[in-house]
Structure formats: structure tokens, C-alpha cells
Trainee: 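The structure that follows is given in the form of C-alpha cells.
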Amino acid sequence: MKKILFVCHGNICRSPMAQMIFKHLAKTAGRENDFEIDSAATDYDAIGCPIHRGTRNALIRNQIPFEEHYARKITESDFQKFDFILCMDDENIEHIAQDFGRKNAEKVKKLLSFCGESRDVRDPWYTHNFDETFEDILRGCTELLKSI
């Protein structure tokens, strides 16, 4: 079983969106038992908050089921537990390096790197465009699933 942790700044927009999209893709492919999926934040800003309504609405519009989720911060133990720590942007990677050093750096990657891209997943907190973010994450998760 592969264990995947999706990470963004607050764990209320992009990373839970990725968590729910990947779970749906894996289930649709008949591979839901091949993965353990979770998400976390790099910062404390939204710890304990539910998924942002914009993320919920994007998932609903695209018929992606989701479960209740409350933001949590990435922990040291996540580096032992997860095989992949997939960040939404460069800032997330830098915050992880600041908090935990660069050990296990081979596990830490940007989601869109699975699409052969170095760019960040667009952050709807700033763009207010959850559909654009959904498309980025769907592409990244689709390619991730193909690669493992």
C-alpha cells in the first residue's frame, strides 16, 4: 500500500481537494485499497477549520465525493508514515524544509511534477478561482495515479 500526503499552506483548499480527487480517481480505477491518502498544512493559520466552501463547491460541481475534514499541520511522524509528501507549491516545500530540515527530501515533491511541470498549483485563496485549481489538481492526481 502506498501512503500519500497532500500538503498546502492551510489544509482547507488545495490539499483536501487533492485528497478527495485522488481518492475518487483511485476508487474509480478499482484501486482504492492500494492507497492511504491524507492531507496537511505547512502553517497553523487554519488548524481545526473545515474544508473551504469554495473547495466543497468545486468538488460538488465535479461530482467528487468528499468527507468531513479538519485542517491539521504536518508532523515529524508524517515523514515516517507517508511514501509521498506532495506539495502544491514551492513555498510549501520551503516551509517543510524550515520546519523539518531536508531529510527525506526524496519524498517531498510538487504535485504538478507528475505532469512534467515545475509550476505551482494555483492557490484559490488568492485567485478565488476554485475551478482553475480543480483542473490543476485533477491533472496532477491523474498523472500521479498512472505513475504508481
Side-chain angles (χ1 to χ4, degrees), residues 1-43 45-47 49-75 77-97 100 104-148:
M1 174 180 289
K2 293 291 182 187
K3 297 176 182 178
I4 302 168
L5 182 68
F6 293 103
V7 178
C8 71
H9 180 90
N11 192 217
I12 60 171
C13 296
R14 294 176 292 171
S15 59
M17 184 184 286
Q19 177 184 354
M20 304 310 165
I21 289 172
F22 191 85
K23 281 184 175 184
H24 177 71
L25 292 173
K27 185 174 184 176
T28 300
R31 297 182 60 197
E32 67 266 32
N33 295 324
D34 295 349
F35 302 101
E36 182 177 331
I37 312 300
D38 199 359
S39 63
T42 60
D43 290 87
D45 301 3
I47 301 306
C49 292
I51 297 172
H52 189 284
R53 70 183 172 282
T55 293
R56 287 178 182 269
N57 291 339
L59 293 169
I60 291 166
R61 277 192 302 279
N62 289 281
Q63 301 177 352
I64 305 292
F66 59 91
E67 62 224 28
E68 283 303 310
H69 171 85
Y70 296 95
R72 72 173 186 90
K73 187 167 185 318
I74 189 171
T75 64
S77 64
D78 288 327
F79 289 91
Q80 281 70 55
K81 180 177 181 177
F82 291 96
D83 302 304
F84 296 93
I85 297 175
L86 302 179
C87 297
M88 300 299 127
D89 62 38
D90 288 327
E91 184 179 271
N92 305 149
I93 291 172
E94 190 54 40
H95 284 177
I96 287 172
F100 303 103
N104 298 311
E106 72 282 355
K107 291 183 177 189
V108 181
K109 299 177 180 3
K110 284 171 62 173
L111 177 61
L112 289 179
S113 68
F114 290 90
C115 299
E117 296 180 26
S118 61
R119 73 175 178 84
D120 296 342
V121 170
R122 291 170 275 208
D123 190 343
W125 185 260
Y126 300 104
T127 67
H128 308 288
N129 190 333
F130 286 84
D131 293 323
E132 190 176 71
T133 300
F134 182 91
E135 291 304 318
D136 282 351
I137 292 173
L138 179 61
R139 286 181 51 249
C141 286
T142 298
E143 293 305 316
L144 170 64
L145 183 61
K146 287 180 191 176
S147 74
I148 44 181

Trainee: Between Leu59 and His24, is any pair of side-chain heavy atoms under 4.5 Å apart?
Mentor: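 Side-chain contact under 4.5 Å: no.
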Trainee: Only one of Asp89, Thr55, Thr133 passes side chain to side chain donor-acceptor pair (under 3.5 Å) with Arg14; say which it is.
Mentor: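 It is Asp89, the one option of Asp89, Thr55, Thr133 that forms the side chain to side chain donor-acceptor pair (under 3.5 Å) with Arg14.
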Trainee: Report yes or no: does Arg56 contribute a side-chain atom to a donor-acceptor pair with the main-chain N or O of Pro50 at less than 3.5 Å?
Mentor: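 No; zero donor-acceptor contacts below 3.5 Å.
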Trainee: Heavy atoms only: give me the nearest Ala58-Asp131 pair and the separation to one decimal.
Mentor: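 For Ala58 and Asp131, the tightest heavy-atom pair comes out as CB-OD1, 4.3 Å.
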Trainee: Provide the closest heavy-atom pair for His95 versus Thr42 in the form atom of the first, atom of the second, distance.
Mentor: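 Minimum heavy-atom contact is ND1-OG1, 3.5 Å.
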Trainee: For the pair Phe22 and Phe6, name the ring-plane relationship: parallel under 30°, tilted 30 to 60°, perpendicular over 60°.
Mentor: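 Ring orientation, 0 to 90° scale: tilted.
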Trainee: Starting at CD of Gln19, measure out to SG of Cys141 and round the result to the nearest 0.5 Å.
Mentor: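 Result: 10.5 Å between the selected atoms.
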Trainee: Kindly indicate whether the side chain of Leu138, heavy atoms from C-beta on, has any atom under 4.5 Å from the side chain of Leu25.
Mentor: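 Touching, per the 4.5 Å side-chain cut-off.
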Trainee: Look only at the side chain of Asp78 and the backbone of Ile74, and say whether a donor-acceptor pair between them is shorter than 3.5 Å.
Mentor: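 Pair absent, no side-chain N/O of Asp78 close to backbone of Ile74.
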Trainee: Find the distance between CE (Met88) and OG (Ser39) and round it off to the nearest 0.5 Å.
Mentor: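 OG of Ser39 is found 8.5 Å from CE of Met88.
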Trainee: Is it true that Lys2 and Asp34 have a side-chain N and a carboxylate O under 4.0 angstrom from each other?
Mentor: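 Salt bridge absent between Lys2 and Asp34.
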Trainee: Over 60° means perpendicular and under 30° means parallel, so tell me whether Trp125 and His52 are parallel, tilted or perpendicular.
Mentor: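 Correct class here is perpendicular.
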Trainee: With a 4.5 Å heavy-atom cut-off, do Arg61 and Phe134 have their side chains touching?
Mentor: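 A side-chain contact under 4.5 Å is absent here.
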Trainee: Check whether any side-chain N or O of Asn11 sits under 3.5 Å from a backbone N or O of Ile47 as a donor-acceptor pair, and report yes or no.
Mentor: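 No, because the side chain of Asn11 does not come within donor-acceptor range (under 3.5 Å) of the backbone of Ile47.
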Trainee: Out of curiosity, Arg119 CZ to Asp90 CG, how far, rounded to the nearest 0.5 Å?
Mentor: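 Those atoms lie 12.0 Å apart.
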Trainee: Identify the two heavy atoms, one from Cys87 and one from Asn92, that lie closest to each other, and give their separation to 0.1 Å.
Mentor: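 The pair with the smallest heavy-atom distance is CB-CB, 3.7 Å.
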Trainee: Could you measure the distance from the NZ atom of Lys107 to the CG atom of Leu86? Nearest 0.5 Å is fine.
Mentor: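 The CG atom of Leu86 is 11.5 Å from NZ of Lys107, to the nearest 0.5 Å.
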Trainee: State whether the number of non-hydrogen atoms from other residues, nucleotides or ligands found under 6.0 Å of Gln63 atom CD is greater than 12.
Mentor: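 At most 12 heavy atoms, drawn from other residues, nucleotides or ligands, come within 6.0 Å of this atom.
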Trainee: To the nearest 0.5 Å, how far apart are CD1 in Ile137 and SG in Cys13?
Mentor: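 Ile137 CD1 to Cys13 SG: 9.0 Å, rounded to 0.5 Å.
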Trainee: Looking at every heavy atom in both Phe114 and Lys109, which two are closest together, and how far apart are they?
Mentor: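 So the minimum-distance heavy-atom pair works out to CZ-CD, 4.0 Å.
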Trainee: Backbone N or O of Gly10 within a donor-acceptor pair of the Asp45 side chain at under 3.5 Å?
Mentor: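 No: the side chain of Asp45 does not pair with the backbone of Gly10.
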Trainee: Quick one: does any side-chain atom of Asn62 pair with a main-chain N or O of Ile64 as donor and acceptor, under 3.5 Å?
Mentor: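 Answer holds: no.
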Trainee: So, for Ile12 and Ala71, which heavy atoms are closest and what is the spacing to 0.1 Å?
Mentor: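 Heavy atoms of Ile12 and Ala71 come nearest at CG2-CB, 3.9 Å.
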Trainee: Which distance, rounded to the nearest 0.5 Å, do you find between the NZ of Lys27 and the CZ of Phe35?
Mentor: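 So the NZ of Lys27 and the CZ of Phe35 are separated by 15.0 Å.
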Trainee: Given side-chain contact (heavy atoms from CB on, under 4.5 Å), test Val108 with Phe79 step by step and report yes or no.
Mentor: CA-CA 9 Å; Val108 181; Phe79 289 91; 4.1 Å; yes
Trainee: Using a 4.5 Å cut-off on heavy atoms from C-beta on, say whether the side chain of Met1 contacts that of Asn33.
Mentor: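 They are not in contact (no side-chain heavy atoms under 4.5 Å apart), so the answer is no.
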Trainee: Check whether any side-chain heavy atom of Ile60 lies under 4.5 Å from a side-chain heavy atom of Phe66, and answer yes or no.
Mentor: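 They are in contact (side-chain heavy atoms under 4.5 Å apart), so the answer is yes.
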Trainee: Donor-acceptor pair, distance only, cut-off 3.5 Å: does the side chain of Lys110 make one with the backbone of Ser118?
Mentor: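 Confirmed, Lys110 side chain pairs with Ser118 backbone.
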Trainee: Contact between Ile4 and Leu144 at the side-chain level, heavy atoms closer than 4.5 Å - yes or no?
Mentor: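 In short, these two side chains touch, coming nearer than 4.5 Å.
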Trainee: Taking side-chain contact (heavy atoms from CB on, under 4.5 Å) as the test, write out the residues that go with Lys3, two or more places apart.
Mentor: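 Lys3 satisfies side-chain contact (heavy atoms from CB on, under 4.5 Å) with Glu36, Lys81, Phe82, Asp83 only.
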Trainee: Side chains of Ile51 and Met20: closer than 4.5 Å at any heavy-atom pair?
Mentor: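 With C-beta onward as the side chain, the pair touches.
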Trainee: Per the side chain to side chain donor-acceptor pair (under 3.5 Å) rule, which among Asn129, Asp136, Thr127 passes with Arg122?
Mentor: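 By the side chain to side chain donor-acceptor pair (under 3.5 Å) criterion, Arg122 pairs with just one of Asn129, Asp136, Thr127: Asp136.
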